[in-house]
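Quick note on labels: first sequence line is chain A, next is B, and so on, each numbered from 1. Quick caveat: nothing in here was measured; it's all calculated off a predicted structure.
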Amino acid sequence: MPRLTLPDGTIKTFDAPLTVEQVAASIGAGLARAALAGRIDGRLVDLTTLLDGDGSLEIITPTSAEGLEILRHSTSHLMAQAVKELFPTAQVTIGPAVADGFYYDFDYERPFTPEDLEAIETRMALLVSQDLRIEREVMSRDAAVALFLGLGEHYKAEIIREIPQDQELSLYRQGTFVDLCRGPHVPSTGRLKVFKLTRVAGAYWRGNANNKMLQRIYGTAFGDKKALSAYLTLLEEAAKRDHRRLGRELDLFSIQDEAGGGLVLWHPMGARMRQVIETYWKETHGQAGYEFLYTPHMANLDLWRTSGHLDFYSESMFNPMTVDEQSYQIRPMNCPFHILIYRSKIRSHRDLPLRWAELGTVYRYEMSGVLHGLFRVRGFTQDDAHIFCRENQIEEEISGILDLTLQTLTTFGFTDFEINLSTRPAKSVGSDEIWEKATTALKNAITQRGLDFIEDVGGGAFYGPKIDVKITDAIGRKWQCSTIQLDFNLPERFDIRYIGEDGERHRPIMIHRALMGSLERFFGILIEHYAGHFPLWLAPVQAVVLTITEAYNDWAIQVQEQLRAAGLRVETDLRNQKISYKIREHAMKKTPWLLIVGEREQAEGAVSPRNRSGQELGLTSIDMIKQRLVLEASTRTATQ
RNA sequence: GCCGACGUAGCUCAAUUGGCAGAGCAACGGAUUUGUAAUCCGUAGGUUCGGGGUUCGAUUCCCCGCGUCGGCUCCA
């Protein structure tokens, strides 16, 4: 007699075994229609799963993340079925649900075309209208291998051979199509009504460039049409915010072939913003007890041999250049230089912790195909710092870095954080003891300020555990910028030490950390986060004084001078144009404040301010507007 | 690097089966002296990404190169 506990705590008992689907129907017809799968005691199962014992049961619908994932996974199978029917010689490989939808990789003699996608979509719709049952079947390994080899599906056979012996193999059949799959899946193709194939792309088998290139088709699926159109609207919104487009429109930066791909040219307006960001960075780091360093952009190759970068990082390094028969390497990182400064004299335990920061520009080789605006470049500036401390100072230092990180990110308008802690991987350097101590210190530092974290077990670098912080932007996208990384390796390689209280030599702990990560990338994120509507403290031009006619030029210039004297970034627009023309132009440049001056304003020593949202303040004295803008800029928050 | 799509004026985009390379905005010149999102007239602007081929003729078709864009991790 199944006795089932539902998520709201109610308990339902049945006098005979029944399927998840039947339970859903017993709760309500609406739920039965929406049901995609079930969760029994935490395990996701098909709707057709028979319940014969007690336990907790949750009905999964498209409103949950899992429901959406199942829906998309099933849609990817539906697509594979359509592809197999239209292109019988295509071999199926893998087809998972991913962040925004799903994909399926096929091995086919030619790439799929946009016309193929249309045909596939049409066939998918046909299969949906047939409402084919999707049925699970368990099979032995040998039988499964034989089945797929018989179907000419060599990739599937290869996959099965790699699945652990003791794991149960399941197949899903729908119509003539059969696929190896862990499941769960929706009960029939009729459930898959809202989907869209988005693009085709090449993708290597198993993501390895040495393997054959497969044809990947991307698509997405949703529980209802509204959700799909909301998603498409989001894509449009993201396109409007594209920093490459805004960067050009607002004249912030460019990347030009003549200089080289992935090398950023900061134009005056972008450079103004960068100055503001750097000034803020210096201010906060000074307050947090950091010292600042400047180090060279290249160094003798031997330095990179000692640091080990030549061994484990050479793929990302530019080729060395020869100078006076010696090899020099343009730097991909700043840390070896900071270590050299540490090692330049004997350090005492009293000197520690040393917090050394540098806006260090580094150059890394990225494959041409991955370059992308400011997000993926070949030359960028890190807001880098290295902390040298004693073992017993780790927790306090991490704690301080976390404070600074959250303070910085909040100031730039990000308030939603996800903290990831990555622990010791299989291959690593350093003793069990130090890993244990350090990892605990990291955890404590996070939990002590009441924050949650996601643990990525074994996800740390070989040289130490790390904390990454992800931010969520205005349209819900996540970005990882900040990283805090312990290093047990470099102090060893450079043999750096300090003299302890006991008079003996000890090895310091090194912490690498960057809060914004790369200034270029962070700038790109800011552009997209604010969609170019930068808060006053960041805006390259904070206000423009617009004249009604040339008769008021003198007053406009006086206004500009007075506001500039108060530290504001103010321009004038004295052109012989209608006021509405000028307003439109500066509105499109997303200037926070437009200060209009004409006869009345001049007579009263005033301006008529209009803010970015079109709000007019009316006649305002020069002192009033000065105060207001200075206050708004100094609070470093978005007020419009 | 690999797969695919694309590459026309500073920007956004046209150009019939292969038949004189165009428009809007921006720029520049002139007129207009204007009150809250585009005043009017004019001028200039091109090796159609580069190179080669087919053709009487190539922006258009073919080949090579360069660049841009979308992908190439998310496990059956």
Would you please say whether a donor-acceptor pair under 3.5 Å links the side chains of A/S613 and A/N611? yes

What is the base-pairing partner of B/rU16, counting Watson-Crick and G-U wobble geometry with both distances under 3.5 Å? none

Separation of B/rG71 P from A/N211 CG (nearest whole Å): 22 Å

Examine distances only and state if a side-chain atom of A/T547 and a backbone atom of A/N553 form a donor-acceptor pair shorter than 3.5 Å. no

Pairwise C1' distance for B/rG29 and B/rG45, with rounding to whole Å: 14 Å

Heavy atoms under 4.0 Å, any strand shown: does A/I596 hit a base, just sugar-phosphate, or nothing? base

Ignoring hydrogens and angles, answer whether the base of B/rG67 and the side-chain atoms of A/E258 contain a donor-acceptor pair closer than 3.5 Å. no

Short side-chain N/O contact from A/R610 to OP1 or OP2 of B/rG35, under 4.0 Å: no

Under 3.5 Å, is there a donor-acceptor pair linking the side chains of A/D46 and A/H185? no

Mate of B/rC11 where both pairing distances stay under 3.5 Å, Watson-Crick or G-U: B/rG24

Parallel, tilted or perpendicular: ring planes of A/H372 versus A/H243, cut at 30 and 60 degrees: tilted

How long is the line joining CG of A/D242 and P of B/rU68, in whole Å? 15 Å

By the Watson-Crick or G-U definition, both distances under 3.5 Å, B/rG1 is matched with B/rC72

Of the nucleotides B/rC72, B/rC69, B/rA76, which one has an atom closest to the side chain of A/L180? B/rA76

State which of B/rA76, B/rC72, B/rG35 makes the closest approach to the side chain of A/S608. B/rG35

So what does A/R244 hit on the nucleic acid, given a heavy-atom distance under 4.0 Å: a base, only sugar-phosphate, or nothing? sugar-phosphate

Nearest-nucleotide pick for A/R248, side chain only, options being B/rU12, B/rG35, B/rC72: B/rU12

Consider only side-chain N and O atoms of A/Y104 and A/D179, and report whether a donor and an acceptor are under 3.5 Å apart. yes

Output the rounded distance in Å from CG (A/D468) to P (B/rU73). 20 Å

Quote, to the nearest angstrom, the C1' distance that separates B/rU60 from B/rG18. 6 Å

Less than 4.0 angstrom between a side-chain N/O of A/R182 and OP1 or OP2 of B/rA76, yes or no? yes

Which value, in whole Å, describes the distance between the C1' atoms of nucleotides B/rA58 and B/rC63? 15 Å

If we take the P atom in both B/rU68 and B/rC49, what is their distance in whole Å? 16 Å

The residue, A/Y365 or A/I583, whose nearest nucleotide of RNA chain B is more 5′ is A/Y365

Under 3.5 Å donor-acceptor pair, A/R161 side-chain atoms to B/rA76 base atoms: no

When the P atoms of B/rG30 and B/rG71 are considered, how many whole Å apart are they? 49 Å

Heavy atoms only, 4.0 Å cut-off, all strands: where does A/G598 land among base, sugar-phosphate and nothing? base

Tell me the interatomic distance from A/D251, atom CG, to B/rC11, atom C1', rounded to whole angstroms. 12 Å

For A/E315, which contact category applies under a 4.0 Å heavy-atom criterion: base, sugar-phosphate, or nothing? nothing

Rounded interatomic separation in angstrom, taking NZ from A/K582 and C1' from B/rU32: 13 Å

Nucleotide opposite B/rG45 in a Watson-Crick or G-U pair, distances under 3.5 Å: none

Roughly how far apart, to the nearest Å, are B/rG10 and B/rG57 at atom C1'? 32 Å

A/R575 side chain N/O closer than 4.0 Å to the phosphate oxygens (OP1, OP2) of B/rC28? no

Would you check if there is a donor-acceptor pair between the side chains of A/S314 and A/H309 at a distance under 3.5 Å? no

Tell me whether the side-chain N/O atoms of A/H372 come closer than 4.0 Å to OP1 or OP2 in B/rG70. yes

Does a side-chain N or O of A/Y581 approach OP1 or OP2 of B/rU36 to a distance below 4.0 Å, or not? no

Distance, rounded to the nearest Å, where A/L594 contributes CG and B/rG35 contributes C1': 13 Å

For a quick check of understanding: with a heavy-atom distance under 4.0 Å over all strands, which category does A/E585 fall into, base, sugar-phosphate or nothing? nothing

Could you tell me how the ring of A/Y155 sits relative to the ring of A/W205: parallel (under 30°), tilted (30 to 60°) or perpendicular (over 60°)? perpendicular

note: A/R216, atom CZ; B/rG4, atom P; distance rounded to Å ~ 16 Å

State, without any angle test, whether A/Y172 and A/R136 hold a side-chain donor-acceptor pair at a distance under 3.5 Å. yes

Map A/E616 and A/L214 onto RNA chain B by nearest heavy atom, then report which one ends up closer to the 5' terminus. A/L214

Ignoring the backbone of A/S580, work out which of B/rC72, B/rG4, B/rA38 is nearest its side chain. B/rA38

Looking only at side-chain atoms of A/S368, point me to the closest of B/rG1, B/rG35, B/rC3. B/rG1

With rounding to whole Å, what would you report as the distance between B/rG42 and B/rA23 at their P atoms? 12 Å

Length of the CE-P vector between A/M367 and B/rC2, whole Å: 11 Å

Between B/rU39 and B/rC25, how many Å separate the two C1' atoms, rounded to a whole number? 16 Å

Under 4.0 Å, heavy atoms only, any strand: does A/A99 hit a base, just the sugar-phosphate, or nothing? nothing

Quick one: the side chain of A/Y552 and the base of B/rG35, do they pair up donor-acceptor inside 3.5 Å? no

Looking at A/Y218, I'd like to know whether one of its side-chain N or O atoms comes within less than 4.0 Å of OP1 or OP2 on B/rC72. yes

With no hydrogens and no angle check, do the side chains of A/E571 and A/Q560 hold a donor and an acceptor under 3.5 Å apart? no

Nearest to the side chain of A/M213 - B/rA37, B/rC3, B/rG35? B/rC3

Regarding A/E249, tell me which of base, sugar-phosphate or nothing describes its non-hydrogen contacts under 4.0 Å with the strands shown. nothing

Hey, is the side chain of A/K578 poking within less than 4.0 Å of OP1 or OP2 on B/rU39, counting only N and O atoms? yes

